Amino acid sequence: MKLTEAEWQIMKALWAEWPATARQIADRLSGEVNWAYTTIKTMLTRLTEKKALKETKKGNVSVYEPIISRPDAQRNALKSLVNQAFDGAFGPLMHFLLEDQKLPENQKEELLKVLKEGEQTGGGNGGV
């Protein structure tokens with residue numbers, strides 16, 4: 001499942017605290033985006049159709065909760081990026097990250113640490 005940037009914002013608001021109504025989600029996002037309530041409702045409908053959310057009716061009000069976890073969504077997004085930008089290979093992605101001049105040294109060290117731990121435990125792909 002591929003999420004748009006706007007859908008990520010909705011999902012983050014729900015992962016922070018759920019279940020939630022469209023109004024509660026709109027209130028959480030009010031400082032970040034300038035979306036109409038109807039826009040948020042449309043995106044919630046799309047996310048429900050994508051099976052990212054579950055909608056439950058309580059009287060006249062729809063209550064939403066995530067079906068997909070944040071780690072699963074992140075895993076899907078990373079796999080999509082690797083497939084699109086690195087021909088499905090994680091090695092070139094790791095090389096790119098380690099050679100990237102913009103990546104702070106402490107993050108490079110953390111990446112190397114995770115890779116070494118993965119080798120020692122036999123999990124060469126870090127669970128992705």
Side-chain angles (χ1 to χ4, degrees):
M1 162 189 333
K2 193 169 187 174
L3 300 176
T4 67
E5 190 174 330
E7 289 170 340
W8 272 100
Q9 289 182 285
I10 297 279
M11 293 302 295
K12 286 177 186 177
L14 267 169
W15 286 321
E17 186 177 345
W18 54 271
T21 65
R23 180 65 54 206
Q24 290 169 323
I25 294 166
D27 289 345
R28 289 180 201 158
L29 293 172
S30 65
E32 300 173 33
V33 296
N34 191 22
W35 296 334
Y37 177 78
T38 53
T39 301
I40 291 171
K41 285 289 287 178
T42 299
M43 285 194 281
L44 288 167
T45 298
R46 286 185 188 152
L47 285 164
T48 302
E49 290 168 356
K50 284 183 172 185
K51 305 286 189 235
L53 299 180
K54 180 173 109 177
E55 177 184 16
T56 307
K57 291 282 190 180
K58 292 196 178 179
N60 292 352
V61 179
S62 291
V63 179
Y64 300 91
E65 61 184 274
I67 293 175
I68 188 168
S69 69
R70 188 175 190 148
D72 284 344
Q74 290 169 326
R75 192 171 293 107
N76 288 343
L78 180 58
K79 285 180 181 178
S80 178
L81 169 73
V82 170
N83 286 336
Q84 192 171 21
F86 296 94
D87 297 325
F90 281 89
L93 169 65
M94 294 299 123
H95 185 267
F96 175 80
L97 290 173
L98 289 169
E99 295 297 318
D100 187 359
Q101 300 299 316
K102 295 178 183 169
L103 190 65
E105 198 59 39
N106 65 330
Q107 290 181 3
K108 288 180 184 181
E109 290 170 8
E110 183 66 24
L111 179 59
L112 285 169
K113 179 182 167 192
V114 169
L115 288 171
K116 281 188 180 206
E117 288 172 359
E119 286 176 1
Q120 292 170 356
T121 61
N125 66 3
V128 177

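Since we're looking at a predicted model, the values are computed, not measured.
Within 6.0 Å of CZ on Phe96 lie no more than 12 heavy atoms contributed by other residues, nucleotides or ligands. Shown here is Asn106, whose CG atom has more than 12 heavy atoms of other residues, nucleotides or ligands within 6.0 Å. The environment of CZ in Arg28 is crowded: more than 12 heavy-atom neighbours from other residues, nucleotides or ligands sit within 6.0 Å. Dense packing is recorded around NZ of Lys108, with more than 12 heavy atoms of other residues, nucleotides or ligands lying under 6.0 Å away. Atom NZ of Lys58 has 12 or fewer neighbouring heavy atoms from other residues, nucleotides or ligands inside a 6.0 Å radius.
In this structure, CD on Glu49 lies 8.5 Å from CZ on Arg46, to the nearest 0.5 angstrom. Rounded to the nearest 0.5 angstrom, Asp87 CG and Leu93 CG are separated by 12.0 Å. Atom NZ of Lys12 is separated from atom CZ of Arg70 by 5.5 Å, given to the nearest 0.5 angstrom.
Under the 4.5 Å side-chain criterion, counting only non-hydrogen atoms from C-beta, Asp72 is in contact with Arg75. By the 4.5 Å heavy-atom criterion applied to side chains, Lys54 and Pro19 are not counted as neighbours. Contact of the Lys50 side chain with the Glu7 side chain is registered, since non-hydrogen atoms from C-beta on lie closer than 4.5 Å.
Side chain of Ser30 to backbone of Asp27: a donor-acceptor contact under 3.5 angstrom is found.
In this structure, Leu81 is a member of the same hydrophobic cluster as Leu111, with clusters built from ILVMFWY side-chain heavy atoms closer than 4.5 Å.
Grouped with Trp18 in one hydrophobic cluster are Met1, Leu3, Trp8, Ile10, Met11, Leu14, Trp15, Ile25, Leu29, Val33, Trp35, Ile40, Met43, Leu44, Leu47, Leu53, Tyr64, Ile68, the linkage being side-chain heavy-atom contacts under 4.5 Å among Ile, Leu, Val, Met, Phe, Trp and Tyr residues.
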